[in-house]
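Below is one structure; the comments refer to it alone.
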Amino acid sequence: MSSLINPSLSHTPPSTRGYNPAVGVLSNGLLTTTDVQHAFIAATAPSIALAPGKRNSMALRKTPEISLSALIYIFNELIINYNFNQSSNIAVLEKKLNALGYPIGIKALELHSTRSASPAAPETKRFTRVLDVLQYIHTHIWTMLFSKTADNLEKSQDNADEYMIIDNEPPLTKYAKPPKEFDQLNCNAFVAGILEGLLDAAYFSCSVSAHTVPVDGFPMRTVYLIKFSRSVLEREFVRFSR
Amino acid sequence: MTIYSLYILNKAGGLIYQTDPCPGLNKLSANEYLVLAGTLHGVHAIASRISPTAPTPNTGFFGTGKAVAGNCNTSGLKSLETDAFAMYVFQTVTGLKFVLVTAPGTRAQADAAELVLCRIYECYADYVMKNPYYSLDMPIRCDMFDEKVVEVTQVVV
Amino acid sequence: MSYYLAMIGTQDNPIYELEFGSFRQGNDGTSKFNPEMKELNPFILHAALDIIEDVQWETNTLYLKAIDNFYGHLISAYVTPGNVKFLLLHETKNEEAIRHFFTDINDLYVKVLLSPFYNANDPIISPSFDVKVKTLAKKYL
């Protein structure tokens, strides 16, 4: 009876099943003998540290690279063709590609900043200013994703809330241009989704879209248009205008 | 080396790509191109059968034990030389054929032609196979592939 | 000495909680919060979120140190670049140990995040994560 009236004080058998959000701290609160044994196993099992300067650090090794061909085959078949068949028009397809990129952005931000810590400065930085985070994407995130920096970062002349990151030769669409009937389609909407997820996670809420703006020699030159929401600009103004 | 014409045939003998990089040649009708491609495919198949060094049937394809398609060997028809033109054929492991028609030339030209065919094969692998809007064995309509083929054939001329 | 750790997602939703005690001076790691305090812990930490929201834009470090207190209990905070907050309710000031604790939890969190079966802001129910956090607690606190 007391367990019903006062659930957080009642005694529940200790479990090693991890945190249960429906139960709260009682699900994983007690350190039992089994827990300690598990902890011992966990502590002695080899694990790879993400941050540099630690034992088995992944970051100390050479930057991992994968074959562009393999990436493009996967991107084409799994991502474009699969969604292509299920989309009624280009806008829907781009939206789906964007949604697929979104969670990748969140994960990429956390992973990159953990990896970029150095033994001298074990703690990385957060971003508080719009320009800082855009510079970071232009340089570091692009290098992580595509092994090169983006070609340009511009501020829109017409709208204060719009910024543009420009890639002359986006790797994912290096080999293919959409046919004429899908002229408006740019499959880098996937990359735009990555940027959107990343910026949203860092509390720079925005929407990102990819547009093809060809110039001579670069038929798939892509402009990522980043439109920040008003709250971001207001915060920027209130915090940093002085 | 003057390249008159380039044909790409799919594994069933259908013409999927045709271009004449050399200006000023008389064009055939679309149907005639298809007939030409089909004939070439047939001749290639026969040539591979009558070749004294042809692999015996059913020895397997790359050791997989799968039966080899009739014309899916590495020899077959490789080149054809006449007083008016020379023709070089390159067949990939999947049965795709690249056919280059050039002005008649010397022995050295055959090597050059082989190189051109390899470069075109490379372009095909990059700009056709990695194009998500292209479906296999269908006629090739890829702007970037067109550009690259022009580039490759221009360099040779 | 008792501690209450909570990880808060970007929508102010809890994704992980742990209540534990000190392992120092012969303690076995069980928490010694009194019953009233146990009930209050989540509320105290959630109240601290408002302060984080202000403080996190004033500095660009991840570790925000002790940002709030509640009748002698201190609340230390750590915000990852993706705005997941780690909050620790503790009784004595111990900045360096808590910094190391948070930094290592961040590493663990990123590993959880890399799992294709984990979406950002989901509760972390992985038992191995749970055990590893406890190991860290034992190591640093």
Side-chain angles (χ1 to χ4, degrees), chain A residues 66-87 89-90 92-94 96-98 100-101 146 167-191 210 212-222, chain B residues 6-11 14-19 21 30 33 61-62 64 90-98 115-157:
Chain A
I66 61 160
S67 142
L68 180 60
S69 300
L71 180 68
I72 288 181
Y73 286 135
I74 290 184
F75 182 69
N76 286 352
E77 294 307 320
L78 291 182
I79 300 187
I80 301 185
N81 276 339
Y82 176 75
N83 288 292
F84 199 75
N85 297 334
Q86 301 189 351
S87 307
N89 60 45
I90 290 171
V92 174
L93 174 60
E94 287 197 342
K96 282 186 178 173
L97 292 176
N98 191 297
L100 280 169
F146 305 126
D167 194 338
N168 285 341
E169 199 174 38
L172 289 178
T173 51
K174 187 176 172 187
Y175 295 116
K177 215 157 59 173
K180 290 194 177 56
E181 58 268 38
F182 304 118
D183 222 6
Q184 294 301 308
L185 173 67
N186 188 329
C187 291
N188 288 302
F190 178 69
V191 179
T212 316
V213 185
V215 295
D216 275 350
F218 297 110
M220 279 307 291
R221 180 172 171 269
T222 297
Chain B
L6 169 74
Y7 296 76
I8 300 176
L9 278 60
N10 67 15
K11 61 176 177 285
L15 185 70
I16 55 171
Y17 190 80
Q18 199 280 328
T19 178
Y33 279 122
F61 188 53
F62 283 151
T64 54
F90 170 76
Q91 184 176 252
T92 71
V93 286
T94 53
L96 197 79
K97 284 188 220 23
F98 293 87
L115 199 71
V116 172
L117 287 168
C118 282
R119 301 258 312 267
I120 293 170
Y121 183 26
E122 204 178 304
C123 294
Y124 173 85
D126 272 350
Y127 293 95
V128 180
M129 286 293 102
K130 290 176 190 166
N131 187 331
Y133 318 101
Y134 173 73
S135 34
L136 213 61
D137 286 345
M138 296 308 282
I140 299 168
R141 280 193 210 91
C142 309
D143 297 355
M144 287 167 114
F145 180 64
D146 292 347
E147 286 162 24
K148 290 288 159 183
V149 166
V150 169
E151 237 171 68
V152 170
T153 49
Q154 292 301 319
V155 166
V156 179
V157 174

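Reminder, nothing fancy here: chain letters follow the sequence lines and each chain counts from 1.
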Gap between atom CE of M129(B) and atom OH of Y175(A) - 0.5 Å precision =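 Going from OH on Y175(A) over to CE on M129(B), the span is 14.0 Å.
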Mark yes when over 12 heavy atoms from residues, nucleotides or ligands other than K96(A) sit less than 6.0 Å from its NZ; otherwise mark no.
->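 More than 12 within 6.0 Å, yes.
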Heavy-atom neighbours of Y82(A) OH exceed 12 at 6.0 Å =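 No, not enclosed.
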Where does L185(A) contact chain B at under 4.5 Å (heavy atoms): side chain, backbone, both or neither?
->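 Side chain only.
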Minimum heavy-atom distance K180(A)-D143(B), with the two atoms named |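 In this case the closest contact between K180(A) and D143(B) is NZ-OD2, 3.8 Å.
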For Y133(B) against P179(A), the heavy-atom pair lying closest together =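 Scanning both residues completely, I find the closest heavy atoms to be CG-CD, 3.4 Å.
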Region of Y127(B) that comes under 4.5 Å of a non-hydrogen atom in chain A |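 Contact with chain A: backbone and side chain both.
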Side-chain donor or acceptor of N76(A) paired with backbone N/O of K130(B) under 3.5 Å =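 Between the backbone of K130(B) and the side chain of N76(A) there is a qualifying donor-acceptor contact (under 3.5 Å).
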Can K174(A) and D126(B) be counted as an ion pair, charged N to O under 4.0 angstrom?
->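 Not counted as a salt bridge, because no side-chain N and carboxylate O are separated by less than 4.0 Å.
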